[in-house]
Amino acid sequence: MPVTTRIEEIRNELTELARAVPTARELMHSMVKLLHERMLKYNWVGFYMLEAGANPPMLVLGAFEGAMTPHTRIPLNQGICGAAASSGQTVVVDDVSKDPRYLACSLETKSEIVVPVFVRGNVVGELDVDSHFSAAFTPEHQDLVQHCAMLVGKKLETVGS
Ligand code: SME
């Protein structure tokens, strides 16, 4: 199956999943499982959410699939994760070994994408995907991961956590 058709199929399944589950928490758990199982180059998939009321702000590991990471709490001035949350922008790194911001989760990781999750215009967390393949996150994949982050943001807006 061509890669765009496959991505489209998964995108539609995720949209349907977002309609079907009652809470954002369940959506995040099912989403990371589905992405990790079905997207062969998505070798670690997880959410980091901003801790409520924390000063300084802190990203805390939420639902994830893949190997346990040493980075369960990340301040906003650290890592690719901190960069995405503090800028409110998607960050794509084709070769993590060349990015000084990168915090290693697995020695096998070659590329990474982090997409912020917004609720009413504010960053509340992010979706992080790591790949054992370099430059895995082409524009089609960026669209898919951004769609996922948008679905979670909308769910949080409509039903809360
Ligand atoms: N690589 C991330 C840290 C999270 S782990 O990859 C799961 C970063 O540089 O912020």
Side-chain angles (χ1 to χ4, degrees), residues 1-51 59-69 71-72 74 76 79-94 96 102-103 105-106 109-161:
M1 189 189 284
V3 71
T4 43
T5 318
R6 182 171 161 71
I7 289 181
E8 190 125 321
E9 193 182 277
I10 303 241
R11 184 191 168 98
N12 292 341
E13 272 184 54
L14 288 159
T15 306
E16 191 43 49
L17 176 73
R19 269 196 220 108
V21 296
T23 65
R25 191 185 154 78
E26 283 167 81
L27 176 58
M28 290 189 271
H29 276 277
S30 304
M31 186 177 271
V32 294
K33 200 165 174 347
L34 191 150
L35 288 172
H36 186 251
E37 274 175 14
R38 306 275 298 283
M39 301 304 286
L40 299 179
K41 294 187 178 178
Y42 291 21
N43 304 109
W44 190 94
V45 184
F47 284 92
Y48 283 93
M49 303 308 283
L50 276 174
E51 192 168 43
L59 291 159
V60 179
L61 182 63
F64 76 96
E65 286 284 330
M68 186 55 192
T69 169
H71 305 292
T72 54
I74 305 176
L76 289 201
I80 313 294
C81 286
S86 57
S87 65
Q89 305 275 330
T90 295
V91 181
V92 178
V93 180
D94 286 342
V96 294
Y102 176 65
L103 299 171
C105 167
S106 149
T109 298
K110 300 276 193 317
S111 61
E112 177 163 15
I113 181 171
V114 186
V115 179
V117 172
F118 290 91
V119 169
R120 286 177 272 277
N122 297 310
V123 175
V124 297
E126 59 194 21
L127 177 53
D128 178 11
V129 187
D130 292 359
S131 179
H132 296 170
F133 299 82
S134 15
F137 304 105
T138 59
E140 294 83 8
H141 289 280
Q142 292 172 32
D143 278 355
L144 176 67
V145 182
Q146 282 172 339
H147 181 67
C148 291
M150 181 278 292
L151 289 173
V152 170
K154 291 279 168 252
K155 196 77 179 178
L156 284 165
E157 270 178 20
T158 49
V159 301
S161 60

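Numbers here simply count residues along the sequence, with the first being 1.
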query = How would you list, by chain and number, every residue that makes a salt bridge (Lys or Arg N to Asp or Glu O under 4.0 Å) with R120, sequence neighbours excluded?
reply = none

ask   = What pairs of residues pass the ring pair (Phe, Tyr, Trp, His ring centres under 6.0 Å) test when at least one of them lies in residues 123-161, not counting sequence neighbours?
value = Y42-F137, Y42-H141

key: ring pair (Phe, Tyr, Trp, His ring centres under 6.0 Å) against Y48, all qualifying residues, sequence neighbours excluded   = none

query = Roughly how far, to the nearest 0.5 Å, is the SG atom of C148 from the CE atom of M28?
reply = 12.5 Å

query = Side chains of S131 and N43: does their closest heavy-atom pair fall under 4.5 Å?
reply = yes

task = May I ask you to decide if D94's main-chain N or O and S134's side chain share a donor-acceptor pair within less than 3.5 Å?
result = no

inquiry  = To check you understand the geometry: which heavy-atom pair defines the closest contact between V115 and A149, and what is its length?
reply    = CG1-CB, 3.6 Å

request  = Taking all non-hydrogen atoms of both residues into account, name the closest pair between S86 and A83 and its distance.
outcome  = OG-O, 3.4 Å

query = What are the two closest heavy atoms between M49 and L156, and how far apart are they?
reply = CE-CD1, 4.1 Å

key: H36 and V129, any side-chain heavy atoms less than 4.5 Å apart   = no

query = So how far is it from D130 CG to K41 NZ, rounded to the nearest 0.5 Å?
reply = 15.0 Å

ask   = Do the non-hydrogen side-chain atoms of V91 and E126 ever get within less than 4.5 Å of each other?
value = no

request  = Over all heavy atoms of both residues, which pair between V96 and T109 is shortest? Give the atoms and the distance, please.
outcome  = CG2-O, 3.4 Å

ask   = From L144 CG over to I7 CD1, what is the distance, rounded to the nearest 0.5 angstrom?
value = 6.0 Å

ask   = What distance separates L127 CG from T90 OG1, expressed to the nearest 0.5 Å?
value = 10.0 Å

query = Is any side-chain heavy atom of V123 closer than 4.5 Å to a side-chain heavy atom of V117?
reply = no

ask   = Can you find a heavy atom in the side chain of F47 that is under 4.5 Å from one in the side chain of M31?
value = yes

request  = Go through the structure and list residues passing ring pair (Phe, Tyr, Trp, His ring centres under 6.0 Å) with Y102, not counting sequence neighbours.
outcome  = none

task = Answer whether the closest heavy-atom distance between the side chains of E112 and I80 falls below 4.5 Å.
result = yes

query = Which pair of heavy atoms, one from L76 and one from A85, lies closest together, and at what distance?
reply = CD2-CB, 3.8 Å

note = Rounding to 0.5 Å, atoms CZ (R38) and CZ (R6) come to a distance of 6.0 Å

task = For residues D128 and F64, determine if any side-chain heavy atom of one lies less than 4.5 Å from a side-chain heavy atom of the other.
result = no

inquiry  = Can a donor-acceptor pair be found, under 3.5 Å and without considering hydrogens, that links the side chain of K110 to the backbone of A136?
reply    = no

ask   = How far does CD of Q142 sit from CD1 of I113, to the nearest 0.5 angstrom?
value = 5.0 Å

query = Are the side chains of W44 and C105 in touch, meaning some heavy atoms are under 4.5 Å apart?
reply = yes

request  = Determine which pairs satisfy side chain to side chain donor-acceptor pair (under 3.5 Å) with at least one residue from residues 21-33, sequence neighbours left out, and list them in order.
outcome  = T23-E26, K33-E37

task = Taking salt bridge (Lys or Arg N to Asp or Glu O under 4.0 Å) as the test, write out the residues that go with E8, two or more places apart.
result = none

query = Closest heavy-atom contact between F118 and P116?
reply = CE1-CB, 3.8 Å

